[in-house]
Amino acid sequence: MKGFNVLTGSKLKLGSWSDYLLMRQGMLGLQHEHRLLSRDLGELSGLLFEVGLGRVVVEGNVDVAVQAEHLKVEKKRLKKVDLDVREEDLHSRMQAHLLKVGRALGHQVWVARNDRSRPNCHGGTLGEGTLGTASRT
């Protein structure tokens with residue numbers, strides 16, 4: 001419905017039987033006026049749907065297309081941030097397990113300087129109780 005309204009300048013509403021019939025008549029008119037459009041109303045409906053979402057840009061929906069692109073970029077950024085947070089959490093948990101194993105085997109353990117302040121699963125930090133510098137063998 002939104003794509004049809006954009007293309008035709010109509011103000012038809014979803015859920016109204018009379019508006020549906022008006023849209024159908026309008027779609028038939030679009031097909032007659034623009035011979036390149038498909039004769040299949042299902043295909044034309046798909047095109048109008050894409051116009052309504054802003055995936056197909058026409059004069060009346062540039063703002064919708066820009067907003068859709070911004071949402072797509074924002075979703076991608078949030079997904080990346082979520083992935084980064086999960087990777088950092090996994091990294092910290094693995095380091096905590098390695099420190100625990102090393103201590104259990106009676107070794108002195110060391111954590112890289114940039115990871116020492118990361119929280120461990122026991123409420124402290126990874127650097128607590130570790131060597132301050134790397135020992136060379």
Side-chain angles (χ1 to χ4, degrees):
M1 188 69 73
K2 190 173 183 179
F4 179 80
N5 287 339
V6 166
L7 282 180
T8 63
S10 302
K11 302 234 185 256
L12 301 179
K13 296 190 186 312
L14 193 61
S16 165
W17 186 249
S18 60
D19 281 358
Y20 165 76
L21 293 174
L22 287 172
M23 182 178 72
R24 186 179 185 284
Q25 283 303 115
M27 289 171 67
L28 293 172
L30 284 171
Q31 287 176 326
H32 181 72
E33 185 179 338
H34 303 283
R35 299 280 182 197
L36 294 177
L37 290 176
S38 171
R39 296 320 234 175
D40 182 351
L41 288 179
E43 285 185 27
L44 182 54
S45 295
L47 173 64
L48 293 175
F49 179 77
E50 297 295 321
V51 169
L53 288 178
R55 292 183 188 154
V56 175
V57 180
V58 295
E59 187 177 322
N61 75 341
V62 173
D63 290 339
V64 172
V66 169
Q67 183 180 13
E69 187 62 27
H70 283 301
L71 285 173
K72 189 164 70 171
V73 168
E74 184 65 14
K75 280 184 181 178
K76 194 174 188 179
R77 188 187 70 78
L78 288 174
K79 189 175 182 180
K80 171 88 170 89
V81 167
D82 184 51
L83 181 62
D84 289 346
V85 167
R86 283 189 280 148
E87 283 179 1
E88 282 184 29
D89 182 53
L90 179 62
H91 178 80
S92 294
R93 285 189 291 136
M94 289 300 111
Q95 280 189 315
H97 288 303
L98 290 170
L99 291 170
K100 187 175 181 180
V101 168
R103 286 183 180 124
L105 293 173
H107 297 287
Q108 292 182 320
V109 292
W110 175 84
V111 175
R113 183 175 290 128
N114 60 324
D115 290 335
R116 290 180 189 156
S117 61
R118 286 182 186 243
N120 67 19
C121 50
H122 307 296
T125 63
L126 290 175
E128 289 176 4
T130 63
L131 295 172
T133 58
S135 58
R136 300 202 181 249
T137 56

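Values reported hereafter were calculated over all heavy atoms of this structure, with side chains retained and with hydrogens, waters and symmetry mates removed.
Annotation for E88 and R118: closest pair O-NH1, 3.3 Å, computed over non-hydrogen atoms. Taking all atoms of both residues into account, the shortest heavy-atom contact from K13 to M1 is O-CE, 3.6 Å. Here the shortest heavy-atom pairing between V111 and T130 reads CG2-CG2, 3.7 Å.
One hydrophobic cluster holds both W17 and L41 under the rule that ILVMFWY side chains link at heavy-atom gaps under 4.5 Å. One hydrophobic cluster holds both L126 and V109 under the rule that ILVMFWY side chains link at heavy-atom gaps under 4.5 Å.
Between the CG atom of L22 and the CE atom of M27 there is a distance of 13.0 Å, given to the nearest 0.5 Å. To the nearest 0.5 Å, the span separating CD on E87 from CG on D82 amounts to 10.0 Å. One distance of note links CG of L14 with CZ of F4; it measures 13.0 Å at 0.5 Å rounding. If you take CD on Q108 and CZ on R103, they are separated by 10.5 Å, rounding to the nearest 0.5 Å. For the atom pair Q31 CD and D40 CG, the distance stands at 8.0 Å (nearest 0.5 Å). Of the inter-residue distances, the one linking D84 atom CG with K80 atom NZ reads 3.5 Å to the nearest 0.5 angstrom.
For S16, the side chain to side chain donor-acceptor pair (under 3.5 Å) test picks out S18, with sequence neighbours left out.
The 12-atom threshold is not exceeded at CZ of R24, counting heavy atoms of other residues, nucleotides or ligands nearer than 6.0 Å.
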Exercise answer: donor-acceptor pairs, residues 94-102 side-chain atoms, under 3.5 Å, sequence neighbours excluded:
from : atom 1 : to   : atom 2 : distance (Å)
Q95  : NE2    : D115 : OD2    : 3.0

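Not one N or O on the side chain of S92 forms a donor-acceptor pair closer than 3.5 Å with the backbone of D89.
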